[in-house]
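Reading through the structure tokens given below for one structure.
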Amino acid sequence: LDPAWTATCAGDTFPQRGLFTDRIEGDEFHWSITPGTAMHLYLVDVGGGRAMLIDAESNQPENAAATFFAQAATIVDSLKLNP
């Protein structure tokens, strides 16, 4: 998230940028990113017009986050998914 970003989501007081939302009538769910957070998102085609999202997030310093994301990638790569 750009450090200059200042917009907030409804009801929050800190800067964040919405990434995903569920727009079912009356549902307030949203998934966002905040300053200082890094994400690696994996989208997996599970067939039938559906996808699965795997999210790894870190708010650690860059060198620690790199180690975390490398470990997360190893776990994601090891998954065996059957449609």
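These values consider heavy atoms only, across backbone and side chains, with no hydrogens, waters or symmetry-generated copies.
The side-chain heavy atoms of S58 and F69, taken from C-beta on, include a pair separated by under 4.5 Å. By the 4.5 Å heavy-atom criterion applied to side chains, V44 and L79 are not counted as neighbours.
Nearest heavy-atom pair across W5 and Q16 is NE1-O, 2.9 Å. The two residues P35 and P15 make their nearest non-hydrogen contact at CD-O, 3.2 Å. The two residues T37 and I33 have their closest heavy-atom pair at O-CD1, 3.4 Å.
A distance of 9.5 Å separates CG of N59 from CZ of F68, quoted to the nearest 0.5 Å.
Transitive grouping of hydrophobic side chains (ILVMFWY, heavy atoms separated by less than 4.5 Å) brings L19 and L53 into a common cluster. Linking ILVMFWY side-chain heavy atoms closer than 4.5 Å, directly or via other members, places V46 and V76 in a single hydrophobic cluster.
Under the rule for a side-chain contact (heavy atoms from CB on, under 4.5 Å), T8 has no partner lying at least two apart in sequence or in another chain. Residues satisfying the side-chain contact (heavy atoms from CB on, under 4.5 Å) test with D55, not counting sequence neighbours, are W31, M39, L41, E57.
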(request) Kindly indicate, with the supporting measurements, whether the criterion side chain to side chain contact (heavy atoms under 4.5 Å, CB included) is fulfilled by T34 and F14. (result) CA-CA 8 Å; T34 57; F14 51 89; 3.6 Å; yes
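A distance-only check finds a donor-acceptor pair linking the side chain of D2 to the backbone of A4 [under 3.5 Å].
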